[in-house]
Number of protein chains: 2
Amino acid sequence: MKRNGKLSASLHALLHMAERPERPMTSEEIASWLNTNPVVVRRMVAGLRDAGILSSARGHGGGWTLARPAETITLAEVTAALNERLIAFSTEPENPRCLVERAVNDALDGVRDEIEHLLSQRLAQVTLADIAAQCGPGVAAHLENRHAH
Amino acid sequence: MKRNGKLSASLHALLHMAERPERPMTSEEIASWLNTNPVVVRRMVAGLRDAGILSSARGHGGGWTLARPAETITLAEVTAALNERLIAFSTEPENPRCLVERAVNDALDGVRDEIEHLLSQRLAQVTLADIAAQCGPGVAAHLENRHAH
DNA sequence: CTGATTTGTAACTAATAAAGTTACATGAAA
DNA sequence: TTTCATGTAACTTTATTAGTTACAAATCAG
């Protein structure tokens, strides 16, 4: 998995699950799609389970399944469940007593809050089903070609 | 300097320069404000010089000065000059032949482009002078207190 | 019940990216 | 002509992230 690739990787996994909602998928399978290993997958999607987006089952025939229909899962929810900070600039003070630094960081914090809010709104407009539709109308008919690794 | 702290640090430095536009400030001085060292400062602000925001002078009495008034320098320009990517999620493909992954990354790329544009618009509304004004009306009268390290 | 299978997690290791450092060249002023 | 400053390349250090190993806990098939 690429660095800072958790959002992309999670969505990738969720979409494959959306294609076969009836069948639980193991961390092992998911890991092979994402070029990573099962433990990383479990760690990554643990938040999605806690957020009620996925359910997991242990043991024989276990694995991961969508906890609700793809139409009801927005990218905003997925993003929030991952606890990733998407806006990258730091506003940690280097010297808290400097008023100039404080003013700079306050201004940047304000901008970040606004932009995170806008980002969240924008991500809330897209569901997993919307992206699945973008895979092309032929995709549903060619399941076996979707992962030609 | 903190990680991903270049935007904050650069603005911090620029504001101190805006306070004394007549006097060139050395990389050494700036570095001490930012808790870092002069070479890191030079590297960081090189882009600001190239963008016409700062001018530099070598030798005796040299250093860095604002190339134009603080009222005309927006945060958007500063951000662009730093060549930092502020939206942090990766959309590098893990497996380019997977249509699902492509659809996910295309969607995310679209969102990122939109948000980066909004961010840039928002940052364009704020000038260095605006932030200086936020330091409080008393600041100009107490220059010596602004860096009580 | 027992063994196979799968998630859950802690602890550790490796890779990567970012900042810091050293070294030295270049240019300007005293 | 010495001192002070930027400019930059090469290298080192640090912090973060991903990857790995190891093992416990749960579930199901037989």
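Letters go in sequence order (proteins before strands), and every chain restarts at 1. No hydrogens, no waters, no symmetry mates; every other heavy atom, side chains included, goes into these values. Remember, predicted model here, so these are calculated numbers, not experimental data.
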**OP:** Mind running a 4.0 Å heavy-atom check of residues 75-91 of chain A against DNA chain D and sending the residues that fall below it, in number order?
**Re:**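 Those residues: none at all.
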Original post:
Quick one, which residues of residues 37-52 of chain A touch DNA chain D with a heavy atom under 4.0 Å?
Top reply: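 Per residue number, the list reads A/N37, A/V39, A/V40, A/R43.
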Which donor-acceptor pairs under 3.5 Å do side chains of residues 101-110 of chain A form with protein atoms, sequence neighbours excluded?
residue	atom	partner	partner atom	Å
A/E101	OE1	A/E94	N	2.9
A/E101	OE1	A/N95	N	3.1
A/E101	OE2	A/E94	N	3.0
A/E101	OE2	A/N95	N	3.2
A/N105	OD1	B/S8	OG	2.7
A/N105	ND2	A/T91	O	3.4
A/D109	OD1	A/T91	OG1	2.6
A/D109	OD1	A/R112	NH2	2.8

Given [options], which nucleotide is nearest the side-chain atoms of [X]?
{"X": "B/R3", "options": "C/dT5, C/dT7, C/dA18", "value": "C/dA18"}
{"X": "B/H60", "options": "C/dT26, C/dA30, C/dA19", "value": "C/dA30"}
{"X": "B/T36", "options": "C/dA15, C/dG20, C/dT6", "value": "C/dG20"}

Original post:
Does B/T26 or A/M1 map to a spot on DNA chain D nearer the 5' end, using the closest nucleotide for each?
Top reply: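 Result of the comparison: B/T26.
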From [atom1] of [X] over to [atom2] of [N], roughly how many Å is that when rounded to an integer?
{"X": "A/K2", "N": "C/dA17", "atom1": "NZ", "atom2": "P", "result": "10 Å"}
{"X": "B/E92", "N": "C/dA15", "atom1": "CD", "atom2": "P", "result": "20 Å"}
{"X": "B/R58", "N": "C/dC24", "atom1": "CZ", "atom2": "P", "result": "17 Å"}
{"X": "B/K6", "N": "C/dG20", "atom1": "NZ", "atom2": "P", "result": "10 Å"}

Only distances under 3.5 Å count here; give the side-chain donor-acceptor pairs of residues 51-58 of chain A to other protein atoms, sequence neighbours excluded, each with its distance to 0.1 Å.
none

Not counting sequence neighbours, which residues clear side-chain contact (heavy atoms from CB on, under 4.5 Å) with [X]? List them please.
{"X": "B/P38", "result": "B/S27, B/E28, B/A31, B/R42"}
{"X": "A/E71", "result": "A/P69, A/A129"}
{"X": "A/Q121", "result": "A/H117, A/L118"}
{"X": "B/A124", "result": "B/A76"}

Could I get the full list of salt bridge (charged side-chain N to carboxylate O under 4.0 Å, His left out) partners for [X], not counting sequence neighbours?
{"X": "B/R43", "result": "none"}
{"X": "B/R3", "result": "none"}
{"X": "A/R49", "result": "none"}

Original post:
Nucleotide range of DNA chain D contacted by chain A, 5' to 3', under 4.0 Å to a heavy atom?
Top reply: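 Contact span on the strand: D/dT16 to D/dC28.
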Original post:
If you look at every strand shown and take non-hydrogen atoms under 4.0 Å, does B/G63 touch a base, only sugar-phosphate, or nothing?
Top reply: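 Sugar-phosphate, backbone atoms only, no base.
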Original post:
Between B/H16 and B/W33, what is the ring plane arrangement, given parallel below 30°, perpendicular above 60°, and tilted in between?
Top reply: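 Rings of B/H16 and B/W33: tilted, as their planes differ by 30° to 60°.
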Original post:
Below 4.0 angstrom from OP1 or OP2 of C/dT7, is there any side-chain N or O of A/S56?
Top reply: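 A/S56 to C/dT7 OP1/OP2: no side-chain N or O under 4.0 Å.
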Original post:
Distance-only, no hydrogens or angles: does the A/E116 side chain make a donor-acceptor pair with backbone N or O of A/D113 under 3.5 Å?
Top reply: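 Not a single qualifying donor-acceptor pair exists.
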